[in-house]
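Here it is, the structure, as structure tokens.
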Amino acid sequence: MPEWIVIFYPINFLSAYVLYIYLYQRRKHIGLHLGMKITMMAGGGLALGTGIIFINLYPSYFIEATLFSVIIGVISGILFGNLFDYKSLLNGYITGLIMGILAPIAGAWASGVLELLMIELFIIGCFCIAAFLTYKA
């Protein structure tokens, strides 16, 4: 696996940070259901991206990859869920936990560069769609 895929970590976290700042300014205009979907997308997306990249960089460290992606997914789900209400917080926590556990399994399957690029484009695309939907809300 090429070592340049480490660049996806800062891209994921930077896009999540930009989305968080944007949502923080517009959180009063976002409804409950849209807030829950955004929370699930952010927590699950960051956990998925982290787990897939980590397991492809270090294939023999499966437990560490799982724990790292669970921690990232849970923290991001809680942070994004805290923007809206406690139901969204719990929803983000559970989604980050489940996606963090399942992400290294998907990363073991996605061993090629093309699969990694597709998953990263999917995650960044979801962040862009969330920003566009909150602009319309």
Does anything in residues 27-48 pair up under side-chain hydrogen bond (donor to acceptor under 3.5 Å, both in side chains), and if so which pairs, sequence neighbours excluded?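 Output for this query is empty, none listed.
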Rounded to the nearest 0.5 Å, how far does CD1 of Ile123 lie from SG of Cys128?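 Rounded to the nearest 0.5 Å, the SG-CD1 separation comes out at 12.0 Å.
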For the hydrophobic clusters of this structure (ILVMFWY residues joined by side-chain heavy atoms under 4.5 Å, transitively), does one cluster hold both Tyr9 and Ile5?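 Cluster IDs for Tyr9 and Ile5 match.
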Using atom types as modelled and distance alone, determine if a side-chain donor or acceptor of Asn82 lies under 3.5 Å from a backbone N or O of Ile78.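 Such a contact is absent between Asn82 side chain and Ile78 backbone.
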Shared ILVMFWY cluster between Ile98 and Ile101, side chains joined below 4.5 angstrom?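 The answer is yes; both residues are in one hydrophobic cluster.
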Nearest heavy atoms of Ala106 and Leu48, plus distance in Å: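 Scanning both residues, the minimum pair turns out to be CB-CD1, 4.5 Å.
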Test side-chain hydrogen bond (donor to acceptor under 3.5 Å, both in side chains) on Ser88 and Asn91; report intermediate values, then the result. CA-CA 5 Å; Ser88 298; Asn91 202 354; over 6 Å; no
What is the minimum heavy-atom distance between Ser76 and Ala42, and which atoms define it?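 Shortest heavy-atom contact: OG-O, 3.9 Å.
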Of the non-hydrogen atoms in Gly49 and Asn12, which two are nearest, and what is the gap between them?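 Heavy atoms only, the tightest pair is CA-ND2, 4.0 Å.
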Distance-only, no hydrogens or angles: does the Glu115 side chain make a donor-acceptor pair with backbone N or O of Gly112 under 3.5 Å?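 Here the side-chain-to-backbone pair exists.
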Roughly how far apart are Ile124 CD1 and Ile129 CD1, rounded to 0.5 Å?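 Atom-to-atom, Ile124:CD1 and Ile129:CD1 are 12.0 Å apart.
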Would you call the rings of Tyr61 and Tyr58 parallel, tilted or perpendicular if under 30° counts as parallel and over 60° as perpendicular?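 Perpendicular, since the angle between the ring planes exceeds 60°.
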Closest approach of Pro104 to Thr66 (non-hydrogen atoms, all atoms of both residues):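 So the minimum-distance heavy-atom pair works out to CG-OG1, 3.5 Å.
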With side chains defined as the heavy atoms from C-beta onward, is the minimum distance between Phe68 and Ile55 less than 4.5 Å?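 No; the side chains remain at least 4.5 Å from each other.
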Listed partners of Ile105 passing side chain to side chain contact (heavy atoms under 4.5 Å, CB included), at least two apart: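 Only Phe62, Leu102 meet the side chain to side chain contact (heavy atoms under 4.5 Å, CB included) criterion with Ile105.
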Within the distance-only criterion (no hydrogens, no angle test), does the side chain of Ser69 pair as donor or acceptor with the backbone N or O of Gly100 below 3.5 angstrom?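 The answer is yes, because a donor-acceptor pair under 3.5 Å joins these two groups.
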Indicate, with yes or no, if Leu23 and Met41 share a hydrophobic cluster defined by side-chain heavy-atom contacts under 4.5 Å among Ile, Leu, Val, Met, Phe, Trp and Tyr.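 Yes, Met41 connects to Leu23 through the hydrophobic network.
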Under a 4.5 Å cut-off applied to non-hydrogen side-chain atoms, are Thr134 and Ile38 in contact?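 With C-beta onward as the side chain, the pair touches.
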Smallest separation among heavy atoms of Ala103 and Ala47, with atom names: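 In terms of heavy atoms, the two residues are closest at CB-O, 3.4 Å.
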What is the ring orientation for Trp4 with Phe8, classed by angle as parallel under 30°, tilted 30 to 60°, or perpendicular over 60°?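 Rings of Trp4 and Phe8: perpendicular, as their planes differ by over 60°.
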Under 30°, 30 to 60°, or over 60°: which ring-plane class applies to Tyr20 and Phe80, parallel, tilted or perpendicular?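 Geometry flag for Phe80 against Tyr20: perpendicular rings.
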Using 0.5 Å steps for rounding, measure from the CD1 atom of Ile30 to the CG atom of Leu133.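 One gets 10.0 Å once the value is rounded to the nearest 0.5 Å.
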Give a yes or no on this: more than 12 heavy atoms of other residues, nucleotides or ligands lie within 6.0 Å of atom CG of Leu14.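 Correct, the count exceeds 12.
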Same apolar cluster: Ile7 and Ile72, side chain cutoff 4.5 Å: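 Yes.
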With sequence neighbours excluded, residues passing ring pair (Phe, Tyr, Trp, His ring centres under 6.0 Å) with Phe127: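 By the ring pair (Phe, Tyr, Trp, His ring centres under 6.0 Å) rule, Phe127 matches no residue at all.
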On a heavy-atom basis, which atom in Ile52 and which in Ile119 lie closest, and how many Å separate them?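 That closest heavy-atom pairing would be CD1-CD1, 3.4 Å.
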Is it possible for you to say whether Met118 and Met99 belong to one hydrophobic cluster, with membership spreading through side-chain heavy-atom contacts below 4.5 Å?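 No, Met118 does not connect to Met99 through the hydrophobic network.
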With rounding to the nearest 0.5 angstrom, report the OH to CG distance, Tyr17 to Leu79.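 Nearest 0.5 Å value for the OH-CG distance: 12.0 Å.
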